[in-house]
Number of protein chains: 2
Amino acid sequence: MSRRPFHRAGEAERRHDLIAATLDCIFERGLQGATVREIAARAGVTQGLIRHYFSSKDQMLQAAYKEVMAGMTRDAAVVDESLKDARTRLRAFIIANLTPPVVDGRTLSLWAAFISHVRVDPVFAEIHRDGYLAFRTALERLVADVLAEAGQDPDPSECREFAIAINGMIDGLWLEGTLVGDLFSKTPLSGIAIRSVEALLGGIRLTGNEEPS
Amino acid sequence: MSRRPFHRAGEAERRHDLIAATLDCIFERGLQGATVREIAARAGVTQGLIRHYFSSKDQMLQAAYKEVMAGMTRDAAVVDESLKDARTRLRAFIIANLTPPVVDGRTLSLWAAFISHVRVDPVFAEIHRDGYLAFRTALERLVADVLAEAGQDPDPSECREFAIAINGMIDGLWLEGTLVGDLFSKTPLSGIAIRSVEALLGGIRLTGNEEPS
DNA sequence: TCCGTAATTATTCAAGCGTATAATAACGAT
DNA sequence: ATCGTTATTATACGCTTGAATAATTACGGA
């Protein structure tokens, strides 16, 4: 009876691997399928190791949720600062949020699995709140820039209202577009969103060139 | 050792009670907290009875999901046909979906808990799809009526695009409004939505009277 | 009034869960 | 080379889970 050989990985690497394995489990079999044993097996370690890096399974799930939110924010907020026009930046922001990798079955699965915990566990609620506010704040600033660029006087509360509405629409389109995506094959979501935002902002065009195929 | 007394309830009543107990459990403790034993206890029966009415726990959860979706559709689609103006009907539709009982912590909890299963279990996917399409179809018709009423020629594909956008915004506002509702205390969601839809549809006013406090 | 049916309770079972603890071996320091 | 540290494995514990089965009792129809 020989013991299984192993190698000592760096703490950061191990934690990352464990979280990645956790997310794989959640994606494929839901939160219920993310058991300590299954996660350990997928990470190629034994279950005891999990408790060596996380004080409990719950704490590991929280870390995993943080990583998901951070990933979504990172992908979503890639608004190249070099783009001079605010309109172009807002357009890029919308497109980034309504195309892969944000619009993606895996991302949605993870998001949905965790969102059901937001109202049960206060720690999850805080993680969600932080992510939401970061997103909306970025959007609010973009809207203010666009309005200013169009020569309007951007009333802060007005900008916020626009941001809330646009944020809602992006969230909803992202959600339904991913859940029942096959229903949207004909018309790209990002196109709908852009035209809608243009109308919402009072007819400001977000693009000079026609939209791509 | 005397056996616990009981009474034989009608099948419909028992099934309803069991589903109600299931939803209570999910609301308070999430899907993971909805165990057969806990549900039975809350329904005032013993756990064996559940298997007498449902062939498995999964099947009972599916029935519960159907009931949640049906409830949301029922509450949401209360568009009084007697309202003559299509604009008034659309306005009522939007308000109904962005005020209680649709905007409600319990409704969201249940929705969120189930949505995470949509991508794991095909049966749940079908239930969701049916609900979504019913909702969007109703909205599509309302939009067509409003545009026709405004003297425009309602191109079907244009109506659908409007419906998708509006549906997305309602979904997103509903979701975020319930999740982080305290952030919206100042400005009512339904007001934001109505003004946004007005802009979206090209400036059509949905109301003659000013909005309530 | 009695009796058959089936709705309901009571009990049991095997599997899987998160957690705890002890043994071991990999690897850096010396 | 050797040693000490600790990352990692191995094993076990107690509990909960969904499901299965057997025993009962409520209730309608004769």
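Throughout, protein chains are lettered first and strands after them, A, B, ... in sequence-line order, and every chain is numbered starting at 1.
Ion pair A:Arg136/B:Glu176 not flagged as a salt bridge, since none of the NZ, NE, NH1 or NH2 atoms sits closer than 4.0 Å to an Asp/Glu carboxylate oxygen. Salt-bridge formation is not detected for the pair A:Arg42/A:Asp17: no Lys NZ or Arg NE/NH1/NH2 atom is positioned less than 4.0 Å from an Asp or Glu carboxylate oxygen. Between A:Asp104 and A:Arg106 no salt bridge is recorded (no basic side-chain N to carboxylate O distance below 4.0 Å). Contact check on A:Arg160 versus A:Asp155 returns no salt bridge, with no Lys/Arg side-chain nitrogen under 4.0 Å from an Asp/Glu carboxylate oxygen.
Counting to the nearest Å, the C1' atom of C:dT11 and the CD1 atom of B:Ile50 are 16 Å from each other. If you take CD of A:Gln32 and C1' of C:dA15, they are 16 Å apart, rounded to a whole angstrom. What separates OH of A:Tyr53 from P of C:dA20 is a distance of 19 Å, to the nearest Å. As a whole-Å value, the separation of A:Ile39 CD1 from C:dC17 C1' is 12 Å. To the nearest angstrom, C1' of C:dT9 lies 14 Å from CG of B:Leu18. Atom pair A:Glu38:CD and C:dG18:P shows a separation of 11 Å (rounding to whole Å applied). Regarding B:Leu49, its CG atom lies at a distance of 16 Å from the C1' atom of C:dT11, rounded to whole Å. We find that NE2 of B:His7 is positioned 11 Å from C1' of C:dT8, with the value rounded to whole Å.
The side-chain tip of A:Arg119 does not point at the ring of B:Phe27 from less than 6.0 angstrom away and within 45° of straight on. Geometrically, B:Arg15 engages B:Phe54 in a cation-pi contact, judged by NZ or CZ lying under 6.0 Å from the ring centre and within 45° of the ring axis.
The two residues B:Leu200 and B:Ala165 make their nearest non-hydrogen contact at CD2-CB, 4.0 Å.
For the pair A:Gly48 and A:Gly33, nearest-nucleotide mapping onto DNA chain C gives the more 5' position to A:Gly33. Take the nearest nucleotide of DNA chain D for B:Ala34 and for B:Arg4: the residue whose nucleotide is more 5' is B:Ala34.
Residue A:Arg8 is classed as a base contact, given a heavy-atom separation below 4.0 Å to a base. Residue-level contact check: A:Arg51 touches the backbone only, with heavy atoms under 4.0 Å from sugar-phosphate atoms and none from bases. Residue contacts for A:Arg37: at a heavy-atom cut-off of 4.0 Å it reaches a base atom on one of the strands shown. Using a 4.0 Å heavy-atom cutoff across all strands shown, B:His52 reaches at least one base atom of the nucleic acid. Heavy atoms of B:Glu11 sit nowhere under 4.0 angstrom from any nucleic acid atom.
Among the nucleotides C:dT9, D:dT17, C:dA26, the one closest to any side-chain atom of B:Thr35 is D:dT17. The side chain of B:Thr46 lies closest to C:dT9, out of C:dT9, D:dT9, D:dT17. Comparing C:dG18, D:dA19, D:dA10 against the side chain of B:Ser56 picks out D:dA19 as the nearest. The side chain of A:Gln47 lies closest to D:dA12, out of D:dG18, D:dT24, D:dA12.
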Give every pair of a protein N or O atom and an N or O atom of nucleotides 28-30 of chain C that lie under 3.5 Å apart, one pair per line with the distance.
none

Would you list the protein and nucleotides 28-30 of chain D atom pairs, both N or O, that sit under 3.5 Å from each other?
none

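Of the inter-residue distances, the one linking B:Leu31 atom CG with B:Leu61 atom CG reads 6.0 Å to the nearest 0.5 angstrom.
Contact annotation: side chain of B:Arg3 to base of D:dT25, donor-acceptor pair absent below 3.5 Å.
In this structure, A:Thr178 and A:Trp111 have side chains that are not in contact, with every pair of non-hydrogen atoms separated by 4.5 Å or more. B:Phe135 is listed as a side-chain neighbour of B:Asn97, based on a closest heavy-atom distance under 4.5 Å.
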